[in-house]
Amino acid sequence: MSEVKLEDIISLAKRRGFVYQGSEIYGGLAGTWDYGPLGTLLKRNIVNEWLKYFVDGWDDMYQIDSAILMNPRVWQASGHVDTFTDPLVECTKCRTRHRFDHVLRANHILEDAINYDEMDTGKWGELLSKIKCPHCGEPGSFGEPRKFNMMFKTNVGPVEDENSISYLRPETAQGMFTNYKNIVDSFYPDLPFGIAQIGKTFRNEISPRDFLFRTREFEIMEFEYFIPENIWEAKFEKWRIDMHAWFKHLGLPQDKIKEIEVPQNDRAHYSKRTIDFEYDFPSLGFSEVGGLAYRTDFDLKNHQEHSGKNLEYRPKDGGAPFIPHVIEPSFGVDRNFLAVLSNAYTEDKVEDEKRTYLKLPAHLAPVKAAVFPLLKNKPELVAKAKEVHKLLRKQTNGRVMFDDNGNIGKRYRRQDEIGTPITITIDFQSLEDNTVTVRNRDTTEQRRIKIDNLSENVE
RNA sequence: GCGGGUGUAUUUCAAUGGUAGAAUAUGACCUUCCCAAGGUCGAGACGCGGGUUCGAUUCCCGCCACCCGCACCA
């Protein structure tokens, strides 16, 4: 069996209605992908499982759904505006790009020398001629510094000026921090407690790549878990274990999940400790599907300072108020989706023929079962099959397919490719004793069971 | 954003300076008593925009998208 490549998965995803390129009939738009009907169902299943797993039924979890557009001061407070306005310079000799302030520091020039307002005015010539590229050592090789902001900018309201600028959120976390006080005031939760959120985020990536892996618009499911500072290590460990359990729940084998301790200089500005969880994707190798970050009290403290509101937590036992610390488990929905799809994609050799199927866990499969009449031109079989199909519609919430096209083998293969766990065939014996054959997607084996007992076999 | 490559039907590919062919998928009908059998008919494509040319899917340029390296991923 040859190695599965990402392009095989992209091809199947398109062919079978999981994922299409965004704006495809207009030639596409880089970094955007559209979920088709089956992809939407699969994604929905993943998201629902996540809610069941981490949010529903937990007394200490509060799910919210905050606005994508936020007051720009939020991003000032969070540090995103500052971090993002750092200009980049490119070395014309070795073609590497660097953050301008890093280059200046490497050349022992004080950052005070930078006046960002003078960007794009051509006043940098003298300074640029003096500095060396930290990568190749070439002096005076840099072009003009250029602003690069990963946040998508937009204008809110009818006037397009400085004051109307807002951003599409580059993370969902700030919506949870800005609602922290609301949750506390509405529910008076005890610490620790969490605020969870699932939603779209936007980052103007320099180069979107690798299918769903690096896109400009993507979905995150994450939560902020608020704790007193002294228990952060214990809680961090707890969530680390829970995150592994989640990936197992998605059916991802343990040896394909790797933990990476992110060293300090690679960590986000808010994080004191970060672990990345990586999945071994086809073509890409180990790449991030989730992260666990200890954000300390960085965010709430900054929001308290910038908003002027008191964001301290007041212990009910009368202890001294304090700003809670935060542990943040975070999952890329699209990357989790791609991991599930990649893991499920299987090619088997069957007597010189290739059989492609998606070995999706039954609880994630977009279609739970399919019903076939053995032969299309026998009305009794078709009628009976439609009856069974109707019966299963209720139980599966409509996620059951009926197919009488072509021959039985083709129908099996069609369902294989979309990961339907079982297929039910109505044959002549069914007409006599109300039994059907149930065929297993992974083994292709069939069992004969009573129609009355079907419900036990369907997810 | 840099360098290289690619762009033809749902998908995977072919051919051609005189507007394109297959396999596969797909629709209809027939056939078929369990793993892509067979038959008949049908629908379906040269990424977009310029240029050269009598004529461009083919050659040239620009753009867009994807793929491979690099850089980036706070």
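This structure is a prediction, so every number in the text was calculated from the model and none was measured. Per chain, numbering begins at 1; letters A, B, ... match sequence-line order. Atoms considered below: every heavy atom in the structure, side chains included; atoms not considered: hydrogens, waters and symmetry mates.
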[atom1] spacing across the pair [N] / [M], given as an integer number of angstrom:
| N | M | atom1 | answer |
| --- | --- | --- | --- |
| B:A56 | B:C60 | P | 16 Å |
| B:A65 | B:C48 | C1' | 10 Å |
| B:A15 | B:C59 | P | 12 Å |
| B:U24 | B:G7 | P | 24 Å |
| B:A74 | B:C13 | P | 35 Å |
| B:C61 | B:U53 | C1' | 16 Å |
| B:C64 | B:A25 | C1' | 28 Å |
| B:A14 | B:G51 | C1' | 28 Å |

Checking contacts here: which listed nucleotide ([options]) is nearest the side-chain heavy atoms of [X]?
| X | options | result |
| --- | --- | --- |
| A:L375 | B:A74, B:U32, B:A36 | B:U32 |
| A:S11 | B:U12, B:A74, B:C35 | B:U12 |
| A:S207 | B:C67, B:A74, B:G1 | B:G1 |
| A:K376 | B:A65, B:C29, B:C68 | B:C29 |
| A:W33 | B:C34, B:A25, B:C66 | B:C66 |
| A:A30 | B:A74, B:A36, B:C66 | B:C66 |
| A:R413 | B:A74, B:C34, B:C35 | B:C35 |
| A:R209 | B:C29, B:A74, B:G69 | B:G69 |

Mind checking whether [X] and [Y] have ring centres under 6.0 Å apart?
| X | Y | result |
| --- | --- | --- |
| A:W239 | A:F223 | yes |
| A:F372 | A:Y412 | yes |
| A:F247 | A:Y279 | no |

| field | For A:Q429, the option from A:L374, A:N434, A:T435, A:V436 that meets side chain to side chain contact (heavy atoms under 4.5 Å, CB included) | value | A:T435

Base, sugar-phosphate alone, or nothing: which one does [X] contact when heavy atoms must sit under 4.0 Å apart?
| X | value |
| --- | --- |
| A:S23 | nothing |
| A:G36 | nothing |
| A:Y26 | nothing |

Answer yes or no: side-chain N or O of [X] and base N or O of [N] forming a donor-acceptor pair under 3.5 Å.
| X | N | result |
| --- | --- | --- |
| A:D427 | B:C33 | no |
| A:Y412 | B:C34 | yes |
| A:R439 | B:C34 | no |

Base-pairing mate for [N] - Watson-Crick or G-U, with both contacts under 3.5 Å:
| N | value |
| --- | --- |
| B:U6 | B:A65 |
| B:A15 | none |
| B:G1 | B:C70 |
| B:A20 | none |
| B:U57 | none |
| B:A45 | none |

If I take atom [atom1] in residue [X] and atom [atom2] in nucleotide [N], what distance separates them, rounded to the nearest angstrom?
| X | N | atom1 | atom2 | result |
| --- | --- | --- | --- | --- |
| A:L212 | B:C67 | CG | P | 11 Å |
| A:R411 | B:G27 | CZ | P | 12 Å |
| A:D34 | B:A65 | CG | P | 14 Å |
| A:L431 | B:C33 | CG | C1' | 12 Å |
| A:R16 | B:A36 | CZ | P | 14 Å |
| A:D299 | B:A74 | CG | P | 15 Å |
| A:N204 | B:G1 | CG | C1' | 12 Å |
| A:E380 | B:C33 | CD | P | 12 Å |

Considering just the side-chain nitrogens and oxygens of [X], establish if one lies under 4.0 Å of OP1 or OP2 belonging to [N].
| X | N | value |
| --- | --- | --- |
| A:N405 | B:A28 | yes |
| A:K410 | B:U32 | no |
| A:K14 | B:U11 | yes |

| query | Does the pair A:E459/A:K368 count as a salt bridge with the N-to-O cut at 4.0 Å? | reply | no

| message | With ring pair (Phe, Tyr, Trp, His ring centres under 6.0 Å) as the test, pick out the partner of A:Y35 among A:F337, A:Y20, A:F218. | response | A:F337

| task | Report the C-alpha distance between A:W75 and A:R169 in whole Å, list the side-chain angles of each, state the deciding distance to 0.1 Å, and finish with yes or no for side-chain contact (heavy atoms from CB on, under 4.5 Å). | result | CA-CA 9 Å; A:W75 305 112; A:R169 64 183 178 196; 3.5 Å; yes

| Honestly, is A:R209 close enough over A:F213, meaning NZ or CZ under 6.0 Å from the six-membered ring centre and within 45° of the axis? | no

| remark: Result for 5'-nearest mapping on RNA chain B, choosing between A:N377 and A:R216, is A:N377

| remark: Comparing nearest nucleotides in RNA chain B, the 5'-proximal residue of the pair A:E171, A:Q21 is A:Q21

| task | Take A:F54 and A:Y225 through the test side-chain contact (heavy atoms from CB on, under 4.5 Å) and record every step on the way to the result. | result | CA-CA 11 Å; A:F54 288 114; A:Y225 198 70; over 6 Å; no

